[in-house]
Amino acid sequence: LIGMLLGLAVLALARAHPDGSLAGRSVAGALALLGAGWGLVAAGVVAWRRWPQSRFGALLAAAGLAWMLAELPNPEVGSALLFTVGLVTFAVAPPLVAHAALAYPGGHIDRTSERAALAAGYASTIGVLGLLHALVFDPHADGCNFCPANLLTVDAGGAAADFVERGGLVFGVVSSAGMIVVLGLAIAHSTPAARRTRAPVLVAAIAYLGLVAAGYAYSLQHGLLSTGDVDRALWRAQALALVVVALGPLARRVRARHGRLAVTRLAVEFGEAPPLGRLRDVLARAVGDPALELAFPAGDDRYVDPSGRPVRPAPGDGVALTPLLRGSRTVAVLMHHAGLLDDPALVEELSAAARLSLEHERLQAEARGQLEELRVSRAGAVQAGDRERRRLERDLHDGAQQRLVGIALALRLLRAGISPSGAPHLDAAGEHLSLALAELRELARGIYPAALAEEGLAAALEALAESAPVPVVLEGVAEERLPEAVEAAAYFLVAHTLRQAAVTRLAVHARRHDEWLVLELAAGGPLAPDFAAAEDRVGALEGSLVVERTEDGLTIRAEMPCAS
Amino acid sequence: VRVVIADDEMFLREGLPRLLEGTSVSVVGKAQNAQELLRCVALTRPDVAIVDIRMPPTHTDEGLVAAREIRTRHPEIGVLVLSHFLESRYAMRLLSEHPEKAGYLLKERVSDVAVLTDALQRISEGECVLDPTIVARLVNRPRDDNPLAQLTPREREVLGLIAEGRSNHGICEHLFLSPKTVETHVRQIFIKLGLGETPNAHRRVLAVLAFLRRESQPG
């Protein structure tokens, strides 16, 4: 309200005395004066309401007021007090705009260089062009007889006033340039996410300050601030830049709203299961941080990402955590670039819009987490089983098989010294022993072939093919060693297929595809598509097993990751 | 035939010499592991070293490695590897490099004095020896479009004996056939299987074994 009244008042003033005003009597001038002034004040007030903890809103509103105050030192103002206030404050808008732009959106100014540039800006405008100039400027002595009195005048020396004004203008050009530099640096130093938010305001402020500096420089030619055509043109351009500055926060709100709409739309989309990670993408866009990460609580202070893998959300260098709450319960944690979600209202709206989707994806992540746990425990069980098999095979080989050979040897020695009547019995015992040894050998090989552990998949499959009761053809099985679990899974898949009594022939085709082993089995015969044990092994490796019936048997395709 | 025995099992190191008493084989040294074996071989210079495939410390293929080392270091000394493994691959690891004066038998053959002494005799004379059970498995395994189906039963028998490492002379004795008949059989086999005839006995063994193993090998 104050801003509106002030605007109308100074507009009336400008119309009453166009010569002493930059706005003048034209419609364009009025638009520039009120558009920029009211725009900044309104945007400032709105921002102030939304982010009370940020100084940005107040600074922006102050800049708007200052923009309009510049019209006060008009000879027609009629009041010595207003005239004097105007004289002191007429030039303060540029540093206020720069200050607001640097404070956007968090409200803090951290860099020393930024503080110094702002200090120089304030000093040149309020200090030199305002206060110092007011002290030495006597409007009457300057030839403005109908001007109100300057309450601050101490020395009516025209030369001094001229000198101060020139100095102030030079200082103003320099300080404006300084502020442009720190504003530019602020853009350069921002992270991509922060830059998207800040750039509109910063760039518009830079344009404005550039125009201000140009105005000072132009005025230097005749040594005083004037209201000529060029000044007016520059001033109107400044107004345009300020309107853009005022629109900056609005753009952010529009984008935020857009993001919320996307999140809400996602909730609808969940009717038909959306792809994994979609919520994260939408939230990333809504928050304006492409690197945003999403974590869901999984009980006991543990968290999982959308794919169900355990994560540890922790704030870090430039990374902040924002919990999305439902009542007092955390339904998700956002890891994002610091400073993007400082607005509690925005967080509240985001979690409200995303609630359904979050619940959905959280449940999915929880389920995936449980699946992952299951996979890990299955892998552990398979591994423990294989260790046990391997141990059994060695025990049989180094124990029972050796013992039996020893007995066979002892029988032979006995036979040499025994009566001819006893010999046939010993020979029969020897034959039984041979059979026992052969059976034991097959048993040991079936449990876990030594060739698999010692020589690898190719050797083990070769041995399997050699002893198979049906024709077996091997193709493309490389001699390279693969992770133990992969070799075992591939071997036992082939062994299981061959163990089926109905099998009539088998072709095994293996190949490496990137980091994957692809195994294709074509088995002939009326086979049962029962591969539960193989599924356990392949599933534990996060691989896939597909069994399909064909005209004369089965095709089995297993894909297993080989990266160790 | 002078032999050394390398096996980590005491009963074999002690029992085998007693079993071989009164045969043409005399045991001149014993070893418990591969290192001892190499030292023993260098010291006693036997005709043949009998080596268990699995020995300390890892109980995997120390015996095979030691056997190949003996063949490389002492070409005049033969090796006989004893193993529980029926897989032809282990035998091929031994035979493919030095087929002469090398043998691979299943461990339980140690109780069959006749087979053992025959193998040791043949190895010391320069032949190579492959266990009949392993050969039988290779010859009899089922194949798509089995090329061995073209052979007569007698020719299959002769093919197996070739794969076991026997010379024409040995095959004659084994089957009670005349040298001329055996030669005819061998020629027929090589023509029917499309194998190039090689005068070298060891090349002949390797060619036949490669043919028999072909289909089961990873391509």
Side-chain angles (χ1 to χ4, degrees), chain A residues 394 396-398 400-413 415-416 430 433-438 440-442 444-445 449-451 453-479 504-510 524, chain B residues 7-23 52-56 58-62 64 82-93 106-114 116 133-134 137-146 212-219:
Chain A
R394 300 192 77 137
L396 280 180
H397 185 280
D398 299 337
Q401 280 177 293
Q402 297 284 69
R403 294 285 91 72
L404 288 182
V405 170
I407 292 171
L409 204 64
L411 279 181
R412 271 287 155 177
L413 286 168
R415 196 187 184 284
L433 261 183
S434 294
L435 282 176
L437 271 164
L440 207 55
R441 188 164 45 227
E442 285 310 302
R445 213 172 50 92
E454 289 161 19
E455 314 252 310
L457 182 61
L461 287 182
E462 182 189 310
L464 201 56
E466 224 171 78
S467 64
V470 298
V472 175
V473 180
L474 302 177
E475 250 186 316
V477 187
E479 287 284 340
T504 56
R505 67 176 311 279
L506 178 68
V508 179
H509 180 90
Chain B
D7 199 304
D8 56 320
E9 289 289 348
M10 215 259 286
F11 71 81
L12 208 122
R13 287 199 311 275
E14 301 307 324
L16 204 51
R18 283 179 53 199
L19 198 68
L20 291 169
E21 272 169 22
T23 67
D52 184 28
I53 192 169
R54 272 179 161 180
M55 278 196 290
T58 67
H59 287 278
T60 53
D61 60 354
E62 284 86 354
L64 261 189
L82 298 179
S83 161
H84 282 297
F85 301 128
L86 263 179
E87 286 85 2
S88 63
R89 185 187 180 92
Y90 289 100
M92 290 313 287
R93 272 177 63 186
L106 289 178
K107 191 132 185 198
E108 58 245 48
R109 302 280 176 215
V110 293
S111 61
D112 196 335
V113 186
L116 194 61
T133 310
I134 296 177
R137 226 166 62 134
L138 286 178
V139 171
N140 296 326
R141 68 174 290 243
R143 292 175 165 83
D144 286 332
D145 309 320
N146 194 347
L212 291 176
R213 278 165 45 80
R214 194 183 298 154
E215 215 161 318
S216 66
Q217 273 177 295

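We name chains A, B, ... by the order of the sequence lines, and we start the count at 1 in each one.
Across B:E108, B:E87, B:R54, B:E9, the residue that shares the most heavy-atom pairs under 4.5 angstrom with chain A is B:R54. The candidate with the highest count of non-hydrogen atom pairs below 4.5 Å against chain B, out of A:A465, A:A444, A:G430, is A:A465. Among the candidates B:R141, B:R143, B:H84, the residue making the largest number of heavy-atom pairs closer than 4.5 Å to chain A is B:H84. Counting heavy-atom pairs closer than 4.5 Å to chain B, the top residue among A:R505, A:R415, A:E442 is A:R505. Between chain A and the residues B:D8, B:V113, B:L106, the most heavy-atom pairs under 4.5 angstrom are made by B:L106. Per-residue counts of heavy-atom pairs under 4.5 Å with chain B were compared for A:A463, A:A459, A:A468; the largest is that of A:A459.
Proximity to chain B is limited to the backbone of A:V470, based on heavy atoms less than 4.5 angstrom apart. Heavy-atom distances place no part of A:A410 under 4.5 Å from chain B, backbone and side chain included. Proximity to chain A involves both the backbone and the side chain of B:L12, based on heavy atoms less than 4.5 angstrom apart. If you measure heavy-atom distances from A:P469 to chain B, the contacts under 4.5 Å come from the backbone alone. Only the side chain of A:E454 comes within less than 4.5 Å of a heavy atom of chain B; its backbone N, CA, C and O stay farther away. Using a 4.5 Å cut-off between heavy atoms, B:L212 does not touch chain A at all. Only the side chain of A:R445 has a heavy atom closer than 4.5 Å to any heavy atom of chain B. Contacts of B:D52 with chain A are made by side-chain atoms alone, with heavy-atom separations under 4.5 Å and no backbone atom involved. For chain A, the nearby part of B:T58 is the backbone; its heavy atoms alone come within less than 4.5 Å. Both the backbone and the side chain of B:R18 come within contact range of chain A, with heavy atoms under 4.5 Å apart.
Legend: salt bridge (Lys or Arg N to Asp or Glu O under 4.0 Å) pairs involving residues 459-470 of chain A, not counting sequence neighbours, sorted by first then second residue: A:E462-B:R89, A:E462-B:R213, A:E466-B:R137, A:E466-B:R213.
Side-chain atoms of A:R412 come within 3.5 Å of backbone atoms of B:S111 as a donor-acceptor pair (strictly under, hydrogens ignored). At least one donor-acceptor pair closer than 3.5 Å links the side chain of B:R13 to the backbone N or O of B:D7. The main-chain N or O of A:A453 is never found under 3.5 Å from a side-chain atom of A:E455 such that the two would form a donor-acceptor pair.
B:Y90 and A:A451 get closest at one heavy-atom pair: OH-CA, 3.5 Å. Counting all heavy atoms, side chain and backbone alike, A:L409 lies closest to B:V110 at CD1-O, 3.6 Å.
Under the side chain to side chain donor-acceptor pair (under 3.5 Å) criterion, B:D61 pairs with B:R93, sequence neighbours left out.
Separation of atoms OG (B:S88) and CG (B:L138) is listed at 5.0 Å; rounding is to 0.5 Å. Summarising the geometry, atom OG belonging to B:S83 is positioned 8.5 Å from atom CZ belonging to A:R441; distances are rounded to the nearest 0.5 Å.
Between B:R109 and B:T133 the shortest side-chain heavy-atom distance falls below 4.5 Å.
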